[in-house]
Amino acid sequence: MKRKFVIGIDFGTLSTRTILTNVATGEIIAVAEREYPHKIIDKVLPDCVTMIGPDWALQHPADYLECASTTIQEVLNNSGIDPKQIIGVGTDFTECTMLPTKADGTPLCMIDAFKSTPHAYVKLWKHHAAAEEADKLNEIAASRDEDFLADYGGKISSEWMFPKIWQILNEAPEIYEAADRFMELADWITLQLTGVEKRNSCTAGYKAMWNKQNGYPSAAFFKALDPRLEQVIDEKMSRDIFPVGHKAGEITEGSSQWTGLAVGTAVSVGIGDAHAAVIGSGITKPDILLMVMGTSGCDMLVSNSNIKVPGISGVCEDGILPGFYGYEAGQSCMGDHFAWFAEHCVPERIEEEARAANKKVLELLNEKADNIRPGASGLLSLDWWNGNRSILVDADLTGSIFGLTTATTAEEIYKSLVEAVAFGKRMIIENFINHGVIIREIIATGGIAEKSPFIMQTFADIIGKPIHIAATQQGTAMGAAMLGAVAAGSRQGGYDTIQRAGREMGKGIKKTYTPRPEHRQIYDELYSEYVTLHDYFGRNSDSPLKRLKKIKIKTMVERKETGK
């Protein structure tokens, strides 16, 4: 009997990663990764002429197809597996990463008439230029006592679907009119593979204000936002939403040509990347918090209880695992935070030392920071380099470092940045617990969790709870692969439930970081100061950070208009 395999494709912020996995054991047979050729478009469009405004983050949809094609071909070539042995494909995507398209899925930015129009491109999750629309949406929803707000911690983020759609309508109405569909890329990619549009319950529930019981907000609400939005759901989206693990369709003759996969291979509906990691980590029961630690940070858990928790990203029935309420919170800046520092703030002495030791700069910084006692630098930072996702839900907030002197070293600043993200995580966890959500265990996955003992030990020390590292490698892609096995079903050699796939293909725990008692007191003191700064700069509507950002945007707009 021939072995059966599945493919999981993880569309991340900077690259696509594809894995080929044994269905029976969860063993990863081959891995391939490719960076997006256009990277993140945040200054000028690919036409090299059209400038982009502040807080924009775009991508080119052709990159996703190119990177999926090359990575699938690579895992097939490296493994020598016959494509006919592959029974299913699952995909996960960053969210809300959205795109205006024609009815057949053609991106507007790939039509000549719109290739120099920024709003025709993919709006990446970290596109924060719809903050004004998000603020107005929240204000109107609160004034109308809209029930859906409570499902999202009381506030809709500028990162989400409808603020982005509204921004397109306000700033480029011709793009809004030309678009037949506004799609999450998690759904767009399955459309490319299967030729069928099937929207998934995960991204609809967490990023598009959809609820399993009530559907989308009413047409009256959208009309209250803007009369032109009254029929946005029926005209530009879809009310047909399919649960995670559902079969979206099969590889078509067309997609077979660019993937190399056999026609008829099952394809699962899409899922958000962090949510896929819950499944990929083998979590099949409630009350376990998964920290996904990558470019940004996402915190996921499933529960038997539906509790309205302020400041979270959302709670969605069946959003992660069928039969449970799935909770999401997170931090907009994690790996981004550290990469920024390594690229822009490291002195030559550290770069030279790293080269001499044949180490990466961040690797050396981790070693140096690990030798600094907590509190010894006198520094404290706020982790808002990409705004705050939870629990303030405010993209206008920016990062800060306090306590700098002329004696401060780069490694001390780096340690403070790591501590800041851990303090932010502790706030998220305590926010859950204080509102009645049970957290019995904490598991971490992602590149940081797998590669940085210093960072993970710091998190354990600050949070004050053991942190277990999932043994599953490539957790998000593995979750997608598991969903591919569920889409295929047991008759094709896969599984009929996500829980069964998780149990059979998951790998358990490989390491645990336990809080060090000697660091608890000082970190409790520092955390108290962090909370003070967090509330002063974050909860103040007239925060100096917000005023500074307004001055920055005003200056950038004036420069763009005058050319000076």
Answer yes or no: is there a donor N or O on one side and an acceptor on the other, between the side chain of Y64 and the main chain of Y36, under 3.5 Å? no
In terms of heavy-atom contacts, does NZ of K102 have more than 12 from other residues, nucleotides or ligands at under 6.0 Å? yes
Would a distance-only check, ignoring hydrogens and angles, find a side-chain to backbone donor-acceptor pair under 3.5 Å from W188 to G105? yes
Using a 3.5 Å distance criterion without hydrogens, assess whether the side chain of N22 forms a donor-acceptor pair with backbone atoms of F5. no
Tell me whether the centres of the aromatic rings in F148 and F221 are closer together than 6.0 Å. yes
With no hydrogens and no angle check, is any side-chain donor or acceptor of D318 less than 3.5 Å from a backbone partner on G323? yes
Is the backbone of C67 close enough, under 3.5 Å, to the side chain of T71 for a donor and an acceptor to pair up by distance? yes
N78 atom CG, neighbour heavy-atom count above 12 within 6.0 Å: yes
Minimal heavy-atom distance between L45 and P118, with the atoms involved, is CD1-N, 3.8 Å
For the NZ atom on K115, are there more than 12 heavy atoms of other groups (residues, nucleotides or ligands in this structure) within a distance under 6.0 Å? no
Name of the residue among K123, R389, K207 meeting salt bridge (charged side-chain N to carboxylate O under 4.0 Å, His left out) with E159: R389
Is it the case that over 12 heavy atoms from other parts of the model lie below 6.0 angstrom from the CD atom of E35? no
Is there a donor-acceptor contact under 3.5 Å from the side chain of K236 to the main chain of A179? yes
Using only atom types and a distance under 3.5 Å, with no angle test, would you say the side chain of T70 pairs donor to acceptor with the backbone of E66? yes
Backbone of N200 reached by a side-chain donor or acceptor of D187 within 3.5 Å: yes
Go through the steps for T13 and W125 under the test side chain to side chain donor-acceptor pair (under 3.5 Å), then give the verdict. CA-CA 8 Å; T13 300; W125 65 269; 2.9 Å; yes
Could you tell me whether a side-chain N or O of S281 sits under 3.5 Å from a main-chain N or O of V278, the two making a donor and an acceptor? no
Applying salt bridge (Lys or Arg N to Asp or Glu O under 4.0 Å) to D336 and K126, what does each step give before you reach the verdict? CA-CA 11 Å; D336 255 6; K126 64 190 289 184; 2.7 Å; yes
Less than 3.5 Å apart, any donor N or O on the side chain of E450 or Q473 sitting next to an acceptor on the other? no
Is the count of non-hydrogen atoms from other residues, nucleotides or ligands lying under 6.0 Å from E504 atom CD greater than 12? yes
Is the backbone N or O of L261 less than 3.5 Å from a side-chain atom of T265, with the two atoms forming a donor-acceptor pair by type? no
